[in-house]
**Q** 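One structure, pasted below without further comment.
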There are 2 protein chains.
Amino acid sequence: MFNVSTKTQYGIRALVHLARAGEVVGHVQGNPAATAAAIARSESISPKYLEGILSLLTTAGLLVSERGKHGGYRLARPPREVSMLEIVEALEGEIKPVDCIDSREVCAQGGSCLPRLFWLGLKESVDGYLSSRSLKDVLEGEADDGRA
Amino acid sequence: MFNVSTKTQYGIRALVHLARAGEVVGHVQGNPAATAAAIARSESISPKYLEGILSLLTTAGLLVSERGKHGGYRLARPPREVSMLEIVEALEGEIKPVDCIDSREVCAQGGSCLPRLFWLGLKESVDGYLSSRSLKDVLEGEADDGRA
DNA sequence: GGTATTCCTATGGGAGTGCTAGGAATATAC
DNA sequence: GTATATTCCTAGCACTCCCATAGGAATACC
């Protein structure tokens with residue numbers, strides 16, 4: 001349960017790759033931007049598949065792309081300022097255990113829906129974890145910050 | 001993301017239904033056991049579909065079934081003693097964001113897999129939330145216990 | 001113009017979800 | 001012991017989503 005798609009896994013690995021290489025907009029302009037093909041090779045990911053993923057991250061504002069020859073991708077912000085929640089939501093959509101999660105009203109089913117509060121709590125727990133980690137934390141292998 | 005299947009949603013609603021009706025093994029022997037058909041009717045769930053779900057919960061040891069005429073289902077334990085983690089795992093399997101979550105060794109991909117620690121932390125966060133809630137908590141609509 | 005890149009759209013196999021259907025096994029009632 | 005009410009087991013099916021793969025259009029550098 002709670003399987004994370006390869007799309008998200010690959011996306012995160014690509015972002016970690018860029019972060020490790022210091023590919024951030026503004027910084028280290030000497031470096032050429034990293035191409036999708038290069039990241040795919042280095043991370044053993046299908047190149048064409050990764051292309052689409054990087055496009056999504058660009059649309060979401062997490063990456064900046066340069067087209068044409070010597071083009072490629074860079075992080076739009078330093079890793080410290082990118083929360084994992086942003087990344088995951090960009091690729092998988094909102095954390096939403098059940099569909100009725102946003103409607104403050106009662107569920108489709110008529111009566112009182114007690115489980116909804118339970119699912120809401122789960123969403124908050126997951127959102128809390130994801131938003132408390134930055135790309136930099138993942139890069140540095142920090143599994144937890146001491147407080148569960 | 002993190003969609004919970006109807007199987008699990010229906011299963012939980014059925015368990016809440018049984019808990020509310022006081023259908024616990026040993027207690028209130030006067031009551032007839034609740035049938036799948038009756039629960040399905042009351043909760044507006046497809047009867048045949050619910051049958052399979054209740055069977056799963058029986059196999060998992062959360063319900064006790066009685067076959068034949070006047071048969072039905074009862075909770076195997078009082079609601080206070082049933083953790084939501086048990087229920088969810090019985091219906092959806094282990095919480096496992098990525099497949100490499102149990103292998104202490106490095107992922108399939110050769111090098112160091114930093115994201116694995118991150119996913120492990122997510123699993124622990126979800127497991128923690130689920131194991132901290134009992135069926136009774138859900139029944140009483142307790143969304144949180146005060147501590148995030 | 002040639003080349004290297006991102007970007008867009010379409011396609012397809014495979015797996016999982018959400019049921020539906022039919023009947024076998026089992027227990028009670030008369 | 002037959003009828004009846006229930007759980008239990010297996011199979012199947014439409015639908016959607018996942019995981020790519022493919023081909024080419026748009027763009028930018030040389």
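Throughout, a chain's letter reflects where its sequence line sits, starting with A, and its residues are numbered from 1.
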**Q** Compute the centroid of each ring, for B/Phe118 and then for A/Tyr129, and state whether the two points are separated by less than 6.0 Å.
**A** yes
**Q** Sequence neighbours left out, what passes side-chain contact (heavy atoms from CB on, under 4.5 Å) with A/Val126? Give chain and number order.
**A** A/Ile95, A/Leu122, A/Leu130, B/Phe2, B/Leu122, B/Val126
**Q** So which protein N/O to nucleotides 20-22 of chain D N/O distances come out below 3.5 Å?
**A**
residue, atom, partner, partner atom, Å
D/dA20, OP2, A/Tyr10, OH, 3.0
D/dT21, OP2, A/Ser46, OG, 2.7

**Q** B/Leu120: what forms a side-chain contact (heavy atoms from CB on, under 4.5 Å) with it, not counting sequence neighbours?
**A**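 By the side-chain contact (heavy atoms from CB on, under 4.5 Å) rule, B/Leu120 matches B/Ile101, B/Glu124.
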**Q** Rounded to whole angstroms, how far apart are CG on B/Leu91 and P on C/dG16?
**A**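 My rounded result for the distance is 17 Å.
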**Q** Over how many whole Å does the gap from B/Met1 atom CE to D/dC17 atom P extend?
**A**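 In whole Å, D/dC17 P and B/Met1 CE are 16 Å from each other.
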**Q** Reckon A/Gly72 touches a base, only the sugar-phosphate, or nothing at all at heavy-atom distances under 4.0 Å?
**A** sugar-phosphate
**Q** Measure from CD1 on A/Ile45 to C1' on D/dC18 and round the result to the nearest Å.
**A**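 So the two atoms are 16 Å apart, to the nearest Å.
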**Q** Expressed in angstrom and rounded to an integer, what is the separation of B/Leu56 atom CG from D/dT7 atom P?
**A**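 Distance, rounded to whole Å: 14 Å.
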**Q** Quick one: list whatever passes salt bridge (Lys or Arg N to Asp or Glu O under 4.0 Å) with A/Glu89, sequence neighbours left out.
**A**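 None.
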**Q** A/His70 or A/Ser55: which one's nearest nucleotide on DNA chain C is closer to the 5' end?
**A**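 The answer here is A/His70.
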**Q** Take the protein atom CG of B/Asp99 and the nucleotide atom P of C/dA15, then report the distance between them rounded to whole Å.
**A** 14 Å
**Q** B/Arg133 side chain to B/Asp137 main-chain N or O, any donor-acceptor pair under 3.5 Å?
**A**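 Side chain of B/Arg133 to backbone of B/Asp137, a donor-acceptor pair under 3.5 Å: no, none is there.
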**Q** What residues from residues 59-68 of chain B pass a heavy-atom cutoff of under 4.0 Å to DNA chain C?
**A**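 Within residues 59-68 of chain B, the residues near DNA chain C are B/Arg67, B/Gly68.
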**Q** Dot-bracket for DNA chain D, please, read 5' to 3', with Watson-Crick or G-U wobble pairs under 3.5 Å on both distances, ( ) within the strand, [ ] crossing, | other strand, . unpaired.
**A** ||||||||||||||||||||||||||||||
**Q** Can you sort out the partners of B/Lys48 under salt bridge (Lys or Arg N to Asp or Glu O under 4.0 Å), two or more places apart, ordered by chain and number?
**A**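 Salt bridge (Lys or Arg N to Asp or Glu O under 4.0 Å) list for B/Lys48, sorted by chain: B/Glu51.
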**Q** Atom CG of A/Leu54 to atom C1' of C/dC8: distance rounded to whole Å?
**A** 15 Å
**Q** What ring-ring contact (aromatic ring centres under 6.0 Å, His included) pairs are there with at least one residue in residues 37-61 of chain A, not counting sequence neighbours?
**A**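 Passing the test, one end in residues 37-61 of chain A: A/Tyr10-A/Tyr49.
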**Q** Quick one: list whatever passes side chain to side chain donor-acceptor pair (under 3.5 Å) with B/Arg41, sequence neighbours left out.
**A** none
**Q** Counting any heavy atom closer than 4.0 Å, what does B/Ala36 reach on the DNA or RNA strands: base, sugar-phosphate only, or nothing?
**A** sugar-phosphate
**Q** Given that B/Tyr73 and B/Lys69 both sit by DNA chain D, which one's nearest nucleotide is further toward the 5' end?
**A**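 The answer here is B/Lys69.
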**Q** From CG of A/Asn3 over to C1' of D/dC17, roughly how many Å is that when rounded to an integer?
**A**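 Atom-to-atom, A/Asn3 to D/dC17, this comes out as 13 Å.
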**Q** Could you measure the distance from the OG atom of A/Ser83 to the CG atom of A/Asp127? Nearest 0.5 Å is fine.
**A**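 The CG atom of A/Asp127 is 9.5 Å from OG of A/Ser83, to the nearest 0.5 Å.
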**Q** On DNA chain C, nearest-nucleotide positions of B/Val4 versus A/Ala37: which is more 5'?
**A** A/Ala37
**Q** For the pair made of CD in B/Glu51 and P in C/dA25, what is the distance, rounded to whole Å?
**A**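 Taking atom P of C/dA25 as the reference, CD of B/Glu51 is at 16 Å.
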**Q** Sequence neighbours excluded, which residues qualify as side-chain contact (heavy atoms from CB on, under 4.5 Å) partners of B/Ala33?
**A**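 With sequence neighbours excluded, B/Ala33 shows a side-chain contact (heavy atoms from CB on, under 4.5 Å) to B/Glu66, B/Arg74, given in chain and number order.
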**Q** Go through the structure and list residues passing salt bridge (Lys or Arg N to Asp or Glu O under 4.0 Å) with A/Glu94, not counting sequence neighbours.
**A**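 Residues passing salt bridge (Lys or Arg N to Asp or Glu O under 4.0 Å) with A/Glu94: A/Lys123.
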**Q** Got a sec, which residues hit side-chain contact (heavy atoms from CB on, under 4.5 Å) with A/Ser55, two or more places apart in sequence or on another chain?
**A**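 Once residues adjacent in sequence are excluded, the partners of A/Ser55 under the side-chain contact (heavy atoms from CB on, under 4.5 Å) criterion are A/Tyr73.
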